[in-house]
Amino acid sequence: MPELPEVEVVRAGLEPVVAGARVLGVEVIEPRSLKRHPRGVADFEERLAGRRIRAAVRRGKFLWLPLEDGPDEAVLAHLGMSGQLLLRTEDAGVDRQLRVRLVLESPAFGPITVAFVDQRIFGSLAIDPLVPTLDGAPGGRGDDDALVPAQVAHIARDPLDPAFDEREFVRRLRARRTGIKRALLDQTLISGIGNIYADEALWGARLHFDAPTDRLSRAAVLTLLAELRLVLERALADGGTSFDAQYVNVNGASGYFGQRLSVYGRAGKPCPRCGAPIVREPFMNRSSHRCPVCQRPPRRRAATA
DNA sequence: AGCGAGCCCTGCGCGC
DNA sequence: TGCGCGCAGGGCTCGC
């Protein structure tokens, strides 16, 4: 479900509450929600109890809470398709799909619970060791330390990260021999982008999802990058995209960017630019949405002789 | 290197 | 009203 803007909304909501908070208790209701923590439920609970949380950090769609009072490690969270992190005061009703609960004592907010709620259980929590970043820059947004969880080390920086290396991105993208949308969804090349924002940015840049990466000009890649940043920033300013109660911020509130989408989920409706009906097409076991006029299919590559 | 398929899951809305 | 089907914001692994 959540892509960069939605995860950032969650990070920003957690930050003031969890920074400096002490973990008083941990309850794992659904062990499958720890699939990123291979050492098991008991290890997760013991490792966390009594620790102090320093910050809330995000890179791409990954979120983590660095821990003090012990080894360099962090609570790692990936929300998958349907995960939520919700702040709950006291036990005001148990959330329906509550999987894991962290009970905290927050310096700013007093006793508070972070509830990991996840319908499909594609998301996961873990305690993961922190390792140095390769470029020496901060691991992600929300912390100055040049550390990332080991499971995030292979994830590229996202386009809103000040340390995102534009030249290197352009070079690596153009060295690929694949379709542009496939490349945008590859979190080891650029992170934070999922099905919604890939479709939106490609529409903004007038590119077809199958446009070959090795035939894009540098200028075209920079235009696409600008569109990506624009759509991610706008969505973030709107509190993210919600189609239903599945994506919400830490207080359970929906975002409003869904009302501003140009192509995603708008099959049959007019392209905001030219009025042609948006089409939905199967793509990688999912769907792609595009304007058939503004985003023409690429010319087929000439057969190599 | 890149790609398709399959896997991990639950629940909603739709058509019959 | 009930049932089956298709669909959903992701990521990882495997075999070709």
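Labels below follow one simple rule: chain letters A, B, ... track the order of the sequence lines, proteins then strands, and each chain is numbered from 1. A quick note: this is a predicted structure, and the numbers were derived from the prediction, not measured. The basis for the numbers below is simple: all heavy atoms, side chains too, and nothing from hydrogens, waters or symmetry mates.
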Hey, does the side chain of [X] come within less than 4.0 Å of [N]'s phosphate (OP1/OP2), counting only N and O?
X      : N      : answer
A:T178 : B:dA1  : no
A:K61  : C:dG11 : yes
A:R120 : C:dG10 : no
A:Q187 : C:dG10 : no
A:H78  : C:dG10 : no
A:S287 : C:dA8  : yes
A:Q151 : C:dG11 : no
A:R32  : B:dT10 : yes
A:R36  : C:dC12 : yes

Could you give the [atom1]-to-[atom2] distance, from [X] to [N], as a whole number of Å?
X      : N      : atom1 : atom2 : value
A:R182 : B:dA5  : CZ    : C1'   : 12 Å
A:Q84  : B:dG11 : CD    : C1'   : 13 Å
A:D186 : B:dA1  : CG    : P     : 12 Å
A:I121 : B:dC7  : CD1   : P     : 18 Å
A:E3   : C:dG11 : CD    : C1'   : 13 Å
A:H154 : C:dG11 : NE2   : C1'   : 8 Å
A:Q119 : C:dG10 : CD    : C1'   : 14 Å
A:F243 : B:dG13 : CZ    : P     : 15 Å

### Message
Side chain of A:Q97 only, heavy atoms from C-beta on: which candidate in B:dG11, C:dG10, C:dG11 is closest?
### Response
B:dG11
### Selection from B:dG2, B:dG11, C:dG11 that lies nearest to any side-chain heavy atom of A:R96
B:dG11
### Query
Does any nucleotide pair with C:dT1 by Watson-Crick or G-U wobble geometry, both distances under 3.5 Å, and what is it?
none
### Query
If pairing requires Watson-Crick or G-U wobble contacts with both distances under 3.5 Å, which nucleotide is the partner of B:dC9?
none
Cut-off 3.5 Å, side chains only: do [X] and [Y] have a donor facing an acceptor?
X      : Y      : value
A:T241 : A:Y256 : no
A:K61  : A:S191 : no
A:T113 : A:R101 : no

What does [X] touch in the nucleic acid at a heavy-atom separation under 4.0 angstrom: a base, only the sugar-phosphate, or nothing?
X      : value
A:S242 : nothing
A:R286 : base
A:Y264 : sugar-phosphate

### Query
Taking side chain as C-beta onward, heavy atoms only, is A:V10 less than 4.5 Å from A:N249?
no
### Task
Check whether any side-chain heavy atom of A:P159 lies under 4.5 Å from a side-chain heavy atom of A:L225, and answer yes or no.
yes
### Task
Check whether the ring centres of A:Y247 and A:F257 lie less than 6.0 Å apart, and answer yes or no.
no
### Task
Kindly confirm or rule out a cation-pi arrangement of A:R273 over A:W203, judged by NZ or CZ under 6.0 Å from the six-membered ring centre and within 45° of its axis?
yes
#### Entry: Whole-Å C1' distance, B:dC8 and C:dG4
22 Å
### Task
Provide the distance between the two P atoms, one in B:dC9 and one in C:dC3, to the nearest whole Å.
25 Å
### Message
Between C:dG11 and A:F122, is there a base-stacking contact, meaning the centre of the base's six-membered ring lies under 5.5 Å from the residue's ring centre while the planes stay under 30° apart?
### Response
no
### Message
Between A:F62 and A:H289, which residue's closest nucleotide on DNA chain C lies nearer the 5′ terminus?
### Response
A:H289
